[in-house]
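All figures in this text were calculated on a predicted structure; none of them were measured in a lab.
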Amino acid sequence: MDKIVIYQIFTRLFTNSCDANIQGGSIGQNGCGKFNRYTPEVLQAIKKLGATHIWFTGVIAHASKTSYKGIPDCHHSTVKGQAGSPYAIRDYYDVDPDLAENLRCRKKEFQDLIDRVHGNGMKFIMDFVPNHVAREYQQMTKKSDNLGASDDTSAAFSPKNNFYYLPGQELAGQIDWQDYREFPAKATGNDRFTAYPSQCDWYETVKLNYGVDYMGGGAGHFDPIPDTWQKMVDILLFWASKNVDGFRCDMAEMVPAEFWHWAIAKVKKRYPGLIFIAEIYNPGSYSTYLDFGGFDYIYDKVGLYDTLRAISENRESTQAICGCWQRLGQNGNRMLHFMENHDEQRIASDFFAGNGQKGRAAMIVSATMDTCPVMVYAGQELGERGMDQEGFSGSDGRTTIFDYWSPDTLRRWYNNGNIGYTQLSGQERELQQFYSNLLNVCRTEKAISDGLFFDLMYVNPASASFNPHRMYTYLRKHGNELILAVANFSDQPSNCAVTIPGHAFDYLAIPVMNSVSAMDLLSGQSINTQLYPDCQIRMQVPADSGALLKFNLQDSLQ
């Protein structure tokens, strides 16, 4: 099967051509991307980059300070930024009106986008936000079964309730709620069972009740099936019926695995091709949510991402990568690898590497060491810095998820729909070409998408021709395809020599060859060498980058 390559798009930003970028600006001042602007030309450019799937972030209607006819703005005290967080859902059955050219046709525009993605040979992933909703959640497009409508608000916890309450207490705390009133107060989304959330909390959200009595010791009450379970699986089936191909499930570990076990099975029974990706940060829970919960993939944030970032920042040795795959064991190929997403700081930001080119070595490892999916966040391939101070989001190295904005590199790449290189710098074009080469290798090379993995670090100690603290090397093998990968995290190019031990020849069934050609899939350069147990392969590896040397083993069959 092909390796899954996900291109994450923050939908309201990506096709926004407005360059005003007024700090804290309204949608009228700063503009907004639209479903209809994802034309076949835009989608083909994303596919050409190497994507198999697009994750459209922020398509479900969420809390906002922008009003529309029939859709009032939310109380401004309950919204972060002008545009609002896409994870403060205010109507699970509607799409965000900001993204529509024609408000009345917004659901059709969304459906047409799904169809265009499919028509251009890719698959569509969207968010499912199960743990929390906006404080002013109100289903306007499906009046029945509104969350909380039948709750007993005098009970702090009831398995029949959709929310958790603080009976007798009014919402207060460090937030200036102005004239917003919530009585009794509801628990806040980040498991804050108090009427006094702080500025550091997800104060714009309230936590959903899946039958776990957190305030009473944490016992689960799952029989009979809690009302929230029924409502949430109905939401999943509603969006699955739109022909989406997968869900990225926000903070999945804050929802009991028992729910996922029940819900994913129900949804996949009707839509067996759907994939479910879990945002989970506790490695101790991985097997539970994969094997019992039913997820297909889990974020590999606290493992490979954190390790590769530390190496890129010269805080860690490349030897630490070996521990990543060893700790994951059989779960390694069920991770989702990435070096950027909407939660993390941009590689090119002042808080990370300061230059997108310096993330290439990490991206090579992230993309090619496993068969699991790999993800790129829009703008990463252009070296987007994320250093703007957009409004609610300060200058923190992240691209805002709360404000109306247009990131500089993406705006120039989009060029009012005239997709191309004309407004990109030479360095930006070079970085984009690197990503295109790498991601398309992931798609086309069976050794990467389906092959076996063999870590070579244990036979390549420190020497004049190999630095085991700034270089990482391994093999990928499938059938007659053999790829030697070398990632160089140093700011200096290396004329290195990599040893391939006899054990690798046995384990991967590598033929002995007295003469073999090999080509670097990233640079196109070729070498002639030999393959035999304990041989050394000499190669040039550029600084802050790497090489994927593919050997032509066909001659061994003749």
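- By the 4.5 Å heavy-atom criterion applied to side chains, Leu431 and Leu382 are not counted as neighbours.
- Here the side chain of Ser349 pairs a donor or acceptor atom with the backbone of Arg346 at under 3.5 angstrom.
- Side-chain atoms of Glu41 and Thr39 include a donor-acceptor pair closer than 3.5 Å.
- Salt bridge status for Asp191 with Lys207: present, with a side-chain N to carboxylate O gap under 4.0 Å.
- Applying the side chain to side chain contact (heavy atoms under 4.5 Å, CB included) criterion to Lys358, with sequence neighbours excluded, gives Ala353, Asn355, Asp491, Asp544.
- A donor atom on one side chain and an acceptor atom on the other are found under 3.5 Å apart for His342 and Gln8.
- Remark: Asp234 engages Lys142 in a salt bridge, criterion side-chain N to carboxylate O under 4.0 Å.
- At least one donor-acceptor pair under 3.5 Å links the side chain of Lys3 to the backbone N or O of Ala367.
- Between Phe295 and Tyr289, the two ring planes are tilted [angle within 30° to 60°].
- Nearest heavy atom pair, residue Asn415 against residue Gln423, reads OD1-NE2, 2.5 Å.
- Side-chain contact, Gln44 with Asn120: a donor N or O sits under 3.5 Å from an acceptor N or O.
- No side-chain heavy atom of His337 sits less than 4.5 Å from a side-chain heavy atom of Met375.
- Between the Lys34 side chain and the Arg12 main chain, no donor and acceptor come within less than 3.5 Å of each other.
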Q) Between Tyr180 and His76, is a side-chain contact (heavy atoms from CB on, under 4.5 Å) present by the stated rule, with each step listed? A) CA-CA 9 Å; Tyr180 177 75; His76 289 203; over 6 Å; no
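- By the 30° and 60° cut-offs, the orientation of the rings of Tyr137 relative to Tyr92 is tilted.
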Q: Report the C-alpha distance between Val376 and Leu439 in whole Å, list the side-chain angles of each, state the deciding distance to 0.1 Å, and finish with yes or no for side-chain contact (heavy atoms from CB on, under 4.5 Å).
A: CA-CA 9 Å; Val376 171; Leu439 297 179; 3.8 Å; yes
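- Note on Asp300 versus Arg334: no salt bridge recorded, every NZ/NE/NH1/NH2 to OD/OE distance being 4.0 Å or above.
- Classified by interplanar angle (parallel below 30°, tilted 30° to 60°, perpendicular above 60°), the ring pair Tyr203/Trp177 is perpendicular.
- Between Asp127 and Tyr87, the side chains place a donor N or O and an acceptor N or O closer than 3.5 Å (distance only, hydrogens not considered).
- When ring centroids are compared, Trp239 and Phe128 stay outside the 6.0 Å threshold.
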Q: Please test Tyr68 against Asp98 for side-chain hydrogen bond (donor to acceptor under 3.5 Å, both in side chains), starting from the C-alpha separation and ending with a verdict.
A: CA-CA 9 Å; Tyr68 294 88; Asp98 286 345; 2.5 Å; yes
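- A salt bridge between Glu279 and Arg248 is present, with a side-chain N of the basic residue lying under 4.0 Å from a carboxylate O of the acidic one.
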Q: Evaluate the criterion salt bridge (charged side-chain N to carboxylate O under 4.0 Å, His left out) for residue pair Arg309 and Asp306; output intermediate values, then yes/no.
A: CA-CA 5 Å; Arg309 175 165 182 169; Asp306 283 350; over 6 Å; no
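- No donor-acceptor pair closer than 3.5 Å links the side chain of Glu390 to the backbone N or O of Gly24.
- Sorted by first and then second residue, the salt bridge (charged side-chain N to carboxylate O under 4.0 Å, His left out) pairs with a member in residues 71-87 read Lys80-Glu204; sequence neighbours excluded.
- Looking only at side-chain heavy atoms (C-beta outward), Met232 and Tyr210 come within less than 4.5 Å of each other.
- Counting heavy atoms from C-beta on, the side chains of Asn102 and Glu109 come closer than 4.5 Å.
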**Q.** Derivation and outcome, salt bridge (charged side-chain N to carboxylate O under 4.0 Å, His left out), residues Asp112 and Arg116
**A.** CA-CA 6 Å; Asp112 289 346; Arg116 283 198 303 280; 5.2 Å; no
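- Side chain of Asp201 to backbone of Ser198: a donor-acceptor contact under 3.5 angstrom is found.
- Aromatic rings of Phe110 and Phe124 (six-membered ring for Trp) have centroids within the 6.0 Å cut-off, being under it.
- Closest non-hydrogen pair, Ala362 versus Leu308, comes out as O-CD1, 3.5 Å.
- In this pair, His132 and Trp202 present their aromatic rings tilted. The plane angle is within the 30 to 60° band.
- Between Leu304 and Met335 there is no side-chain heavy-atom pair separated by less than 4.5 Å.
- Counting only residues at least two apart or in different chains, salt bridge (charged side-chain N to carboxylate O under 4.0 Å, His left out) contacts with residues 413-439 comprise Arg412-Glu428.
- Judged purely by atom type and a 3.5 angstrom limit, Glu170 has no side-chain atom pairing as donor or acceptor with the backbone of Arg181.
- Of the N and O atoms on the side chains of Arg411 and Ser406, at least one donor lies less than 3.5 Å from an acceptor on the other residue.
- Here the OH atom belonging to Tyr7 is positioned 5.5 Å from the CD1 atom belonging to Ile46, to the nearest 0.5 angstrom.
- Note that CG of Asp296 is 11.5 Å distant from CG of Leu336, once rounded to the nearest 0.5 Å.
- With a 4.5 Å cut-off on side-chain heavy atoms, Val374 and Met363 count as touching.
- Checking His75 against Asp179 by side-chain atom types alone, a donor-acceptor pair falls below 3.5 Å.
- Using a distance-only test at 3.5 Å, with no hydrogens or angles considered, no donor-acceptor pair links the side chain of Trp405 to the main chain of Gly25.
- Aromatic ring centres of Phe35 and Phe56: separated by at least 6.0 Å.
- Between Ala88 and Ala134, the shortest heavy-atom distance links the atoms O-CB, 3.4 Å.
- A side-chain donor-acceptor contact under 3.5 Å links Ser17 and Asn416.
- Taking 4.0 Å as the cut-off between side-chain N and carboxylate O, Arg385 and Asp408 do not count as a salt-bridged pair.
- At distances below 3.5 Å, at least one donor-acceptor pair connects side-chain atoms of Gln380 with backbone N or O atoms of Tyr377.
- Checked against a 6.0 Å centroid threshold, the rings of Phe276 and Tyr297 do not count as neighbours.
- Remark: side-chain polar atoms of Asn162 are not paired, donor with acceptor, to backbone N or O of Leu208 under 3.5 angstrom.
- Ring pair Trp55/Tyr299 is perpendicular by interplanar angle, where above 60° counts as perpendicular and below 30° as parallel.
- Distance alone, capped at 3.5 Å, is enough to place a donor-acceptor pair between the Thr52 side chain and the Val5 backbone.
- The shortest side-chain heavy-atom distance between Pro407 and Asp388 does not fall under the 4.5 Å cut-off.
- Side chains of Val206 and Tyr164 form no contact here, defined as non-hydrogen atoms less than 4.5 Å apart.
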